[in-house]
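Quick notes on the structure that follows.
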Amino acid sequence: MQIVKKLDLKSVANIYGAFLALSAFLTGLGIGAVNIVNRVLEGGNGIGAVAVIIVFNILYGILVGLISALAAAVVGYITGWIFAWLYNFFVKIKFIGGIKIELE
């Protein structure tokens with residue numbers, strides 16, 4: 001077993017920002033999908049109205065997803081950088097021993 005003694009701040013920040021952005025985008029798409037189901041289940045809609053509801057909510061979900069992803073990427077990058085710095089700091093002062101990892 002090897003112990004990770006130091007993390008590269010930029011690489012952790014990039015990964016954390018990317019995962020958070022992907023999560024936010026998928027959440028935006030989920031909001032659009034839930035809106036579609038909610039509007040269609042309300043009833044009283046014709047075929048044309050349902051088509052408009054579907055298109056509008058898909059575009060709405062994409063827009064919300066993109067805006068959320070952009071904000072989440074920035075916040076994720078900053079928090080990833082901070083947490084990587086804190087990890088390096090705590091390992092350096094021997095408050096924690098580091099992450100044990102097995103490499104093949």
Side-chain angles (χ1 to χ4, degrees):
M1 291 255 184
Q2 295 181 349
I3 297 177
V4 178
K5 296 282 186 176
K6 186 173 182 180
L7 298 174
D8 181 46
L9 300 178
K10 188 176 178 186
S11 67
V12 172
N14 286 337
I15 290 171
Y16 195 71
F19 281 135
L20 211 57
L22 178 64
S23 174
F25 181 73
L26 293 176
T27 301
L29 291 180
I31 289 170
V34 168
N35 280 341
I36 290 170
V37 171
N38 187 32
R39 305 277 179 174
V40 169
L41 290 180
E42 282 179 354
N45 299 321
I47 298 291
V50 170
V52 170
I53 288 170
I54 290 172
V55 170
F56 173 77
N57 282 299
I58 287 173
L59 294 175
Y60 172 75
I62 290 171
L63 179 64
V64 168
L66 289 175
I67 293 170
S68 302
L70 182 62
V74 171
V75 171
Y77 185 88
I78 293 169
T79 55
W81 192 91
I82 290 170
F83 284 126
W85 183 85
L86 285 172
Y87 174 83
N88 292 340
F89 176 73
F90 285 132
V91 168
K92 185 177 181 180
I93 64 169
K94 298 186 183 195
F95 184 72
I96 58 175
I99 299 172
K100 292 181 182 177
I101 188 169
E102 184 175 335
L103 301 174
E104 292 183 333

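Keep in mind it's a predicted model, so treat the numbers as computed, not measured.
- In this structure, Val91 and Lys5 approach most closely via the heavy-atom pair CG1-O, 3.3 Å.
- Side-chain atoms of Asn14 come within 3.5 Å of backbone atoms of Lys10 as a donor-acceptor pair (strictly under, hydrogens ignored).
- Annotation: the span from Ile36 atom CD1 to Phe56 atom CZ amounts to 10.5 Å, rounded to 0.5 Å.
- To the nearest 0.5 Å, atom CD1 of residue Ile96 and atom CD1 of residue Ile3 are 11.0 Å apart.
- When the side chains of ILVMFWY residues are joined at heavy-atom separations under 4.5 Å, either directly or via intervening members, Ile99 and Ile82 end up in a single hydrophobic cluster.
- Of the inter-residue distances, the one linking Leu103 atom CG with Ile101 atom CD1 reads 5.0 Å to the nearest 0.5 angstrom.
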**Request:** Would you check, one step at a time, whether the test side chain to side chain contact (heavy atoms under 4.5 Å, CB included) holds for Leu20 with Tyr77?
**Result:** CA-CA 9 Å; Leu20 211 57; Tyr77 185 88; over 6 Å; no

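- Environment of CD1 in Ile47: sparse, with no more than 12 heavy atoms of neighbouring residues, nucleotides or ligands closer than 6.0 Å.
- The residue from Leu59, Asn57, Val52 that alone fulfils the side chain to side chain contact (heavy atoms under 4.5 Å, CB included) condition with Val55 is Leu59.
- Linking ILVMFWY residues whenever their side-chain heavy atoms come closer than 4.5 Å, directly or via other members, leaves Val37 and Ile53 in distinct clusters.
- Residues satisfying the side-chain contact (heavy atoms from CB on, under 4.5 Å) test with Leu9, not counting sequence neighbours, are Trp81, Ala84, Trp85, Asn88.
- When the side chains of ILVMFWY residues are joined at heavy-atom separations under 4.5 Å, either directly or via intervening members, Val50 and Ile58 end up in a single hydrophobic cluster.
- Interatomic distance, OH of Tyr87 versus CZ of Phe83, reported as 14.5 Å (0.5 Å rounding).
- Between Ala73 and Ala21 the shortest heavy-atom distance is CB-CB, 3.9 Å.
- Looking at every heavy atom in both residues, Gly65 comes nearest to Phe25 through C-CD1, 3.5 Å.
- The environment of CZ in Phe19 is sparse: at most 12 heavy-atom neighbours from other residues, nucleotides or ligands sit within 6.0 Å.
- When the side chains of ILVMFWY residues are joined at heavy-atom separations under 4.5 Å, either directly or via intervening members, Leu29 and Leu63 end up in two distinct hydrophobic clusters.
- When the side chains of ILVMFWY residues are joined at heavy-atom separations under 4.5 Å, either directly or via intervening members, Ile62 and Ile67 end up in two distinct hydrophobic clusters.
- In this structure, Tyr16 OH and Ile78 CD1 are separated by 12.0 Å, a value rounded to the nearest 0.5 Å.
- The structure places CZ of Phe90 at 6.0 Å from CD1 of Ile93, a figure rounded to the nearest 0.5 Å.
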